[in-house]
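Quick note: numbers below take in every heavy atom, side chains included, and nothing from hydrogens, waters or symmetry partners.
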Amino acid sequence: MSCGCNNINNNFLNNRLDTNNINTINGETKHFTTGGICNMCNPQGYTTVSPIEEAGFCPPIGEPQILTLMAPAVFDESGVNLCRVIRIGELANACAGSQMSRTTDLLFDGLTVLDLQNATHLQLQVVDIDFNFVCPKSARYSDIRPAKNNPNLSRVTLRDIDVTFAIKVIDKNCRVCKEGMMTLRYLPGEHCPGYDEKTNPKNIAVDLYTPYGVAFAVENPSGCNKLVPIVNYIGYVGADTCQNCYNLDNNNNGGIMPLEDPALTPVMPPAYKVFEPNNSLSQGISAQGLAKVISADSEYIAIGLTLYFKVVYFVQYKFNHEGLCVPPKFTTVATSSENSSCKAFVEGDLLEQSILPLSVCVEPKSY
């Protein structure tokens, strides 16, 4: 039962003019009565109420005209297109069963060279990009430095970036007949596969406006730590991992054993890369990627890659509160003559949190 605390004209309210709560809006002085105590919140006879107890009995009343919102804001953005030509027969299979040090230009998750050769169409999704800022394996690595004579600009130079795609193999009837993953290297060295001076050069550099700085990652987690400026990729790798998986036995012969078996020491199966979660937005320079097949035959595939760079900072803004958003509800396809409360709920409105900010003593529809 609502006690009416949110009603500013309620007779129960002990309205008091708080001279310390005077606001000027559009040149006009407004007096707000806040912290009123109604009889239901403060029963008669209870007279010794401190300001802290008063707020605990009945929270401040009223809905502000303007609220604040902490939101990511894009301060600068830019984009670039690259195109890489791949010889299908040169792609390695990471799931062939043998340990490999190769980390790019390979297929995994069940996708094979034959699948690509027989595909009518390919649909691509960029799920991860390693921009090669942390722990470079050679002298060629990406870096971020302040632009010359302008500390508010950052020059981002990218080299040897590893792009991982999710691939749908589509047949002539427009059906998905196979799914898998592929990792390719873009912006390679001059003597590496895929290099092209005009479409896939050895490096690119962009200047971005970064007034509040860039994000960093730890390159050496032990000893004398080194923090390296990085570009965050907004991708599709989640944080869920297998917590109780089976591994190969000590001989790596394919036999499986539970992790809790004390008789054997479990070892991880061969893996060429560990993917970090990246499906969230972070402050600093972030990137997003889109890809499409430009041309293809049974021997070669040309894959175009679009990179979007955005400088994002979380900033607090003012906004007028116009109510909460209610998403649309899915409708059921099949109908049934069965009648029940559960069925009525499933076919009814979505639950929603209908309490407005700073509104009190209002029963939400979710109850």
Side-chain angles (χ1 to χ4, degrees), residues 77-94 100-108 111-134 136-145 154-170 180-208 230-231 233-235 272-273 285-310:
E77 58 183 342
S78 182
V80 64
N81 284 337
L82 302 172
C83 188
R84 164 82 194 270
V85 178
I86 307 105
R87 190 184 184 102
I88 300 178
E90 294 179 352
L91 293 171
N93 189 345
M100 65 166 59
S101 58
R102 187 172 175 179
T103 59
T104 61
D105 293 0
L106 49 80
L107 306 172
F108 62 104
L111 195 66
T112 66
V113 168
L114 188 61
D115 295 328
L116 298 181
Q117 292 174 335
N118 295 335
T120 304
H121 301 284
L122 294 174
Q123 187 179 74
L124 305 177
Q125 177 186 355
V126 184
V127 299
D128 182 78
I129 297 181
D130 182 356
F131 286 105
N132 191 28
F133 287 103
V134 180
K137 300 177 179 62
S138 66
R140 284 180 47 84
Y141 59 92
S142 301
D143 62 68
I144 303 176
R145 301 176 185 272
S154 293
R155 175 156 296 180
V156 182
T157 304
L158 301 180
R159 308 176 182 90
D160 287 353
I161 65 174
D162 298 341
V163 184
T164 298
F165 303 90
I167 300 182
K168 290 185 175 69
V169 179
I170 302 174
M181 312 293 287
M182 175 171 62
T183 297
L184 300 176
R185 173 158 294 174
Y186 282 75
L187 306 176
E190 293 185 43
H191 304 292
C192 296
Y195 169 79
D196 186 279
E197 183 181 358
K198 295 183 178 179
T199 62
N200 193 31
K202 61 181 180 180
N203 61 65
I204 59 171
V206 296
D207 288 346
L208 295 170
I230 61 168
V231 171
Y233 182 69
I234 308 172
Y272 76 94
K273 181 178 175 62
I285 303 175
S286 294
Q288 291 178 292
L290 297 172
K292 66 176 294 187
V293 175
I294 306 300
S295 62
D297 55 28
S298 59
E299 190 174 358
Y300 293 96
I301 301 177
I303 296 180
L305 174 68
T306 294
L307 292 177
Y308 291 102
F309 299 96
K310 304 174 187 294

Quiz prompt | Donor-acceptor pair, side chain of R155 and main chain of D207, under 3.5 angstrom | solution = no
Quiz item: Below 4.5 Å, heavy atoms only, C-beta onward: do L111 and V169 meet side chain to side chain?
Solution: yes
Quiz item: Where do F133 and S142 come nearest, in terms of heavy atoms and distance?
Solution: CD2-O, 3.4 Å
Quiz prompt | Side-chain heavy-atom pair F165, L184 within 4.5 angstrom cut-off | solution = yes
Exercise. Taking the side chain as every heavy atom from C-beta outward, state whether Q123 and I170 have any pair of such atoms under 4.5 Å apart.
Key: yes
Practice problem: List the atom of C83, the atom of A302, and the distance in Å for their closest heavy-atom pair. | Solution: SG-CB, 4.2 Å
Quiz item: Could you state the interatomic distance from CZ (R84) to CZ (R185), rounded to the nearest 0.5 Å?
Solution: 9.5 Å
Practice problem: Starting at CG of L82, measure out to CD1 of I204 and round the result to the nearest 0.5 Å. | Solution: 5.0 Å
Quiz item: Between atom CE of M182 and atom CZ of F108, what is the distance when rounded to the nearest 0.5 Å?
Solution: 10.0 Å
Quiz item: Can you find a heavy atom in the side chain of L91 that is under 4.5 Å from one in the side chain of L116?
Solution: yes
Quiz item: Closest heavy-atom contact between Y186 and I303?
Solution: OH-O, 3.0 Å
Quiz prompt | Nearest atoms (heavy-atom pairs only) where T103 meets L106 | solution = C-CD2, 3.7 Å
Self-check item: Atom pair CG/CG of D143 and L158 - distance to nearest 0.5 Å
Solution: 9.0 Å
Quiz prompt | Value rounded to 0.5 Å, distance of CG in N203 from OG1 in T157 | solution = 6.5 Å
Quiz prompt | Sidechain-backbone polar pair: T183 side chain, D105 backbone, donor-acceptor under 3.5 Å | solution = no
Quiz item: Nearest heavy-atom pair of S286 and I234: which atoms, and what distance?
Solution: CB-CD1, 3.7 Å
Self-check item: Interatomic spacing from OG1 in T164 to CG in D128 - rounded to 0.5 Å
Solution: 5.0 Å
Quiz item: Between the main-chain N or O of T104 and the side-chain N or O of R102, is there a donor-acceptor pair closer than 3.5 Å?
Solution: yes
Quiz item: Pairs in or reaching into residues 187-200: which pass side-chain hydrogen bond (donor to acceptor under 3.5 Å, both in side chains), with residues at least two apart or in two chains?
Solution: E190-K202, D196-T199
Practice problem: From the options N132, V126, V127, select the one residue that forms a side-chain contact (heavy atoms from CB on, under 4.5 Å) with I129. | Solution: V126
Quiz item: Are V113 and N93 side-chain neighbours, meaning at least one heavy-atom pair lies under 4.5 Å?
Solution: no
Quiz item: Are V231 and V156 close enough that some pair of their side-chain heavy atoms sits under 4.5 Å apart?
Solution: yes
Self-check item: Heavy atoms from other residues, nucleotides or ligands near CZ of F309 exceed 12 (cutoff 6.0 Å)
Solution: yes
Exercise. Can you see which heavy atom on L307 is nearest to which on G289, and at what distance?
Key: CD2-CA, 4.5 Å
